[in-house]
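All remarks here apply to the structure that follows.
Keep in mind that the numbers below use all heavy atoms, side chains included, and drop hydrogens, waters and symmetry copies. If you're wondering where the values come from, they're calculated on a predicted model, not measured in any experiment.
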Amino acid sequence: MSQQANSASGTQDRTSVERRGDRELVVTRTFNAPPSAVFRAWSEPELFQRWWMPKSVSGVSLVSCDMDVRTGGKYRLEFSTGGEDTMAFYGKYLEVVPNERIVWTNDEGEEGAITTVIFEDQGGKTVLHFHEVYRSSEALEEALQGSATALPEQLEQLAKLLSSQGE
């Protein structure tokens, strides 16, 4: 499984989405920005909020974003579907190495994955490796039917944000 997207410059960027085994999902994409810029977009709430929510999902908005991006820190993302009820995604950061790696838990359910994002320097560009390990094959299947399908769109939104930042 893989998807391609056109970048803001018109060149083709490839987002690779690959299932590995029964419990692992690996997503890879190259950004035309240094790791420091990609890390910042992933770790600063005001930037993160600008690209994380897929624009194709109508009626859902990110209403709060609390992120303490450091080893041992916590995060909480709260989404609204238009009514009074909200849904939250939250967890803790297991490892944060600025410009290199972020590892976090997804604690909103018993089947929550461990997510690792690696920012690999490729001479001024960044190869992003997004890796999730689920507790069961059923949890991976559920992700592949839901949130994981939006990752190529989210990463395209990140690419557009990075190109607008001018780094």
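Minimum heavy-atom separation, P152 to R29: O-NH1, 4.3 Å. Taking all atoms of both residues into account, the shortest heavy-atom contact from F119 to P35 is CB-CB, 4.1 Å.
With a 4.5 Å cut-off on side-chain heavy atoms, T126 and T30 do not count as touching. Two residues are said to be in side-chain contact when any heavy atoms from C-beta on lie closer than 4.5 Å; V127 and T28 meet this criterion. Side-chain atoms of Y75 and D66, non-hydrogen and from C-beta on, never get closer than 4.5 Å to each other. Between T81 and M87, some side-chain heavy-atom pair lies under the 4.5 Å cut-off. Two residues are said to be in side-chain contact when any heavy atoms from C-beta on lie closer than 4.5 Å; V27 and L155 meet this criterion.
Counting non-hydrogen atoms of other residues, nucleotides and ligands closer than 6.0 Å to CD of E78 gives a total above 12.
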Side chains of residues 44-65: which donor-acceptor partners sit under 3.5 Å, not counting sequence neighbours?
{"from": "Q49", "atom 1": "NE2", "to": "P45", "atom 2": "O", "distance (Å)": "3.2"}
{"from": "W51", "atom 1": "NE1", "to": "A41", "atom 2": "O", "distance (Å)": "2.9"}
{"from": "S56", "atom 1": "OG", "to": "E153", "atom 2": "OE1", "distance (Å)": "2.6"}
{"from": "S56", "atom 1": "OG", "to": "E153", "atom 2": "OE2", "distance (Å)": "3.3"}

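Classified by interplanar angle (parallel below 30°, tilted 30° to 60°, perpendicular above 60°), the ring pair W42/W104 is tilted.
By the 4.5 Å side-chain criterion applied to Ile, Leu, Val, Met, Phe, Trp and Tyr, I118 is assigned to no cluster and stands alone. If you chain together ILVMFWY residues whose side-chain heavy atoms come under 4.5 Å of each other, V103 ends up grouped with L94, I114.
Remark: E141 pairs with R19 by the salt bridge (Lys or Arg N to Asp or Glu O under 4.0 Å) rule, at least two apart or across chains. In this structure, Y90 has no ring-ring contact (aromatic ring centres under 6.0 Å, His included) partners at least two apart in sequence or on a different chain. Remark: E95 pairs with no residue by the side chain to side chain donor-acceptor pair (under 3.5 Å) rule, at least two apart or across chains. The side chain to side chain donor-acceptor pair (under 3.5 Å) test applied to S43 returns no partner, not counting sequence neighbours. For Y134, there are no ring-ring contact (aromatic ring centres under 6.0 Å, His included) partners at least two apart in sequence or on another chain. E108 meets the side chain to side chain donor-acceptor pair (under 3.5 Å) test with no other residue; sequence neighbours excluded. Scanning for ring-ring contact (aromatic ring centres under 6.0 Å, His included) contacts around F130 gives an empty result, with sequence neighbours left out. Taking D68 as the reference, R70 meet the side chain to side chain donor-acceptor pair (under 3.5 Å) condition, with sequence neighbours excluded. Qualifying side chain to side chain contact (heavy atoms under 4.5 Å, CB included) partners for V133, counting only residues two or more places apart in sequence or in other chains: R23, E24, H131.
Here the CG atom belonging to L162 is positioned 12.0 Å from the CD atom belonging to Q157, to the nearest 0.5 angstrom. Note: T71 OG1 to I102 CD1 = 10.0 Å, rounded to the nearest 0.5 Å. With rounding to the nearest 0.5 angstrom, the CG atom of N32 is 5.0 Å from the NZ atom of K125. S137 OG to L144 CG: the interatomic distance, rounded to the nearest 0.5 Å, is 10.5 Å.
Counted by atom type alone, Q154 and E156 present zero donor-acceptor pairs between their side chains at under 3.5 Å.
Side-chain atoms of N106 come within 3.5 Å of backbone N or O of A113 as a donor-acceptor pair.
A continuous path of hydrophobic side-chain contacts links V38 to V96 [ILVMFWY only; heavy atoms under 4.5 Å]. The hydrophobic clustering, which links ILVMFWY residues whose side-chain heavy atoms are closer than 4.5 Å, places V26 and L128 apart.
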